[in-house]
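Structure, as structure tokens:
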Amino acid sequence: MQKEMAYSFPDEVLKHVFSFIQSDKDRNAVSLVCKSWYEIERWCRRKVFIGNCYAVSPRMVIRRFPEVRSIELKGKPHFADFNLVPDGWGGYVLQWIAEMAGAYPWLGEIRLKRMVVTDESLELIAKSFKNFKVLVLFSCEGFSTDGLAAIAASCKNLRELDLRESEVDDLSGHWLAQFPETCTSLVSLNISCLGSDEVSFSALERLVDRCPNLRSLQLNRAVTLDKIANILRRAPQLVDFGTGNYAAELQPDVFSNLAGAFSSCKELKSLSGFWDVVPAYLPALYSICPRLTSLNLSYATIQSPDLIKLVSHCPRLQRLLVLDYVEDSGLEELASSCKDLQELRVFPSDPFGVEPNVSLTEQGLVAVSLGCPKLQSVLYFCRRMSNAALVTIAQNCPNLTRFRLCIIEPKTPDYLTLDPLDAGFGAIVEHCKDLRRLSLSGLLTDHVFEYIGTYGKKLEMLSVAFAGDSDLGLHHVLSGCESLRKLEIRDCPFGDKALLANAAKLETMRSLWMSSCAVSFGACKLLGQKMPKLNVEVIDETEPPDSRPESYPVDKLYIYKSVAGPRFDMPPFVWSMDEAVKILH
Amino acid sequence: MELQLGLSLPSTPIFPFKMLDLNSYGYELREGLGPFGINVNNNCDSCSSSCSSSSSGGADDGGGGTKKRRLLDEENRIVPKTLPLLFWTNQRPNDEDEPKDVDDHSSSAIFKNDGEGLVGWPPVKAWRKKVRRRVANVRAAVENSCGGRASSSTYVKVKMEGNAIARKIDISLHHSFESLTTTLMRMFDISDENGQKSFKLTYLDREGDWLLAEDVPWRTFIGSLKCIKLIRSRC
């Protein structure tokens, strides 16, 4: 009876049902049910997410999913953001584009993060995909405005061009003028990363004018304050806006023009940009503040009183990014004004200064945890912390899903008791049962890892620096954290034992990064030999790891699961521990 | 729970690897195996089922730990769910097993960039550092023109006539009298009355004189500023 059920639906019906299943996890589950579902599913999968571009080859993806319309790829490890991954490490997208150009003529969306994208790649995209709609280059590098010109010129129905935080070689501002007059389809444009002179403002104005569906626009610093009003009046339908410069000599007519322009944007919910802020212009925002749900002031060097005034006008705020100029007093105001707050990020204004330059301590975060019951995501840079504060935060915010704390000086103990902060972070993982991401800092022993291994059952990503006493710490994490996908460690006394004892765990994770730890070259070789499903790569810029004794620790180690085998685009300072590659050398 | 190494470190043959049959792992995507969303438990189950279907010489020996279920039954030990290349037990550590040279290297590995500061710490994105650099440059310019400011901070004291409490302001954030006075007005809750400024900005210079800020150019002001006082404007 039950066997018949599986075959009772024709493929078309199953296909139609599957089309409602969008999440990757669910799609993967569907494909595991039986052979025929696997087959049907793979033909109708339109969207593929590849969290590590080296985990699989383009050919393999194309072979399994022949009809993909949207692809997302991530390249370099997260620590590349902090200059721990040397230039030239990899993450090149060209081969992917080249293979997809042939296989996916209808590819419409490409989203890349931390990848190296050349002008050649961009030109290839422009040439190959007639229905190209979405290009997101998040923290990418390697291309110039010439490549952007190719995209602008060729992609007739481009909807999204988002270059957030990418490094772009600015050769000329005229690329914007390459968008043909017939292009009216833009919905989202983020050029905030571009340099000072590389945007032709008149071209931008005309583009904004003819795109009635433009919802999201992030300008770059070259756009001065007086020009903002012009743009806003052309796009009152904007939902998400990033200003350029927000500084100018205070002039009443400029102010009123700006205030008027903002007030005409009835849909505006999210603001960012705000480089070089003159506080006197902030009141121009007051008319839209009551609707604001997201505010990114993390580049704005404005002081606490001005921040307090602004934030007190934004009762619906859900997301706030700000510099530590906000101080404890500003965060207390936030806690009393913004009861809907879900995400808070406080960045350091002077991360390399020895003395604190602002009055921002653990108290600010405690206040927010008390006043904002919906708080889910925290990124907080500060200079002191206590276990008591962390316990309070944990108890106040059991719904935290992301908690990243960076106490600026490594190995800083609890400032009240001088104890390690094990108990505090332990409370976080114990109370916050849905915690998916955690970053540790301060003085920490192996005990904190015992807590994390015991309670962090939903933890997917863990970042560790200057923590732990022995391999026991790493063992707790690898053996206890069932959902762990990404682990990144720097400057911890973790060696071979825990790694080798939990080798198979690594096959269930996306990747492991360890730098300035105590993992020996011998252990890396062993892992490379015995674990063919893993790519074990040693990074050393000074000398080849085999020029030293096997017991010598490696500088940096990056291990990731892969079905594609060792990669062939490694630079000279990256060594694969795979046996096969060694033979070729 | 402490670690005991049942086996020694890499210098001697670590592990009789005939015990662990890794031949069942291959590079091809196996049918029925979806992409990498499988959790540890499932992975172990599929591993052990594939291990049992192919020739698995090793699982019978005690040290291997390939078959979780069998070990639990036979030896009644707590076995980690992972496939270890070393075996982790709940016994006291044997310190003699620690090779001393590894410890030496690890301690020197930690603070490599002595003098240069730590690479990549604090973990601030390169993107944000650009903004920081701009602020730092302003600070440097201010310090150079001030010469010999006691602390590395660019904070100056501000007092208001009739107000007992002094405040501090970061002078490096301002590039004109306009922005400075705007901030001060907010800080002390002053407003202009009928377009006339109700307060005058005065400052103490390095020579100990009180001067009117509006009489001097901004650079001069910044260069010799020690502290600020707002006095009521008597017109």
Side-chain angles (χ1 to χ4, degrees), chain A residues 25 28 31-32 35 38 60 64 79 81-84 165 249-250 278-280 299 301 303 305-306 347-349 351-353 355 357 381 406 408 410 471-472 475 479 482 491 493 495-497 500-505 507-508 516 518 520 522-523 526 530 532-533 550-553 561 563 565, chain B residues 1-3 5 9-11 14 17 20 22 25 27 29 31-32 34-40 43 80-88 99 101-103 105-106 109-110 112 117-128 131-132 135 151-153 169-170 173 176 178-179 182-183 186-187:
Chain A
K25 268 181 102 179
N28 295 344
S31 67
L32 289 176
K35 270 192 201 175
Y38 177 90
M60 285 169 154
R64 179 169 172 191
F79 272 178
D81 285 352
F82 315 126
N83 295 335
L84 286 173
E165 296 185 26
E249 291 288 316
L250 185 57
V278 162
Y299 301 106
T301 52
Q303 303 245 49
D306 299 308
F347 295 96
S349 54
F352 307 107
E355 296 293 316
N357 60 326
F381 284 81
C406 179
I408 288 177
D471 274 56
L472 201 53
H475 175 69
S479 59
E482 291 162 2
D491 294 280
D496 300 339
K497 294 173 222 158
L500 294 176
N502 293 282
K505 170 72 175 173
E507 287 177 351
T508 69
S516 303
S520 72
L526 190 62
K530 299 301 168 189
K533 275 186 181 174
E550 286 211 349
S551 55
Y552 205 89
K561 69 183 170 195
V563 290
Chain B
M1 185 168 94
E2 306 275 15
L3 154 69
L5 259 190
L9 281 177
S11 50
I14 292 191
F17 279 102
L20 202 64
L22 295 167
Y25 297 103
Y27 285 126
L29 278 172
E31 222 172 49
F36 309 103
I38 309 172
N39 69 31
V40 186
N43 204 24
K81 287 182 199 164
T82 58
L83 289 170
L85 289 178
L86 296 181
F87 203 70
W88 193 284
D101 51 337
V102 176
D103 289 335
H105 295 314
S106 63
I110 288 176
K112 259 203 282 206
L118 296 164
V119 176
W121 189 267
V124 178
K125 281 190 187 180
W127 209 232
R128 296 192 178 278
V131 179
R132 222 70 68 218
V135 176
S151 68
S152 61
S153 137
I169 194 171
D170 186 348
L173 295 185
S176 67
E178 207 90 71
S179 75
T182 312
T183 302
R186 274 183 203 294
M187 207 178 235

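Order of the sequence lines sets the chain letters (A, B, ...), proteins ahead of strands, with each chain counted from 1.
Heavy-atom distances place the side chain of Phe381(A), and not its backbone, under 4.5 Å from chain B.
The shortest distance between side-chain heavy atoms of Pro122(B) and Phe82(A) does not fall below 4.5 Å. In this structure the side chain of Cys406(A) reaches within 4.5 angstrom of the side chain of Trp121(B), judged on heavy atoms.
Among Glu165(A), Gln303(A), Glu249(A), the residue with the largest count of heavy-atom pairs under 4.5 Å with chain B is Glu165(A).
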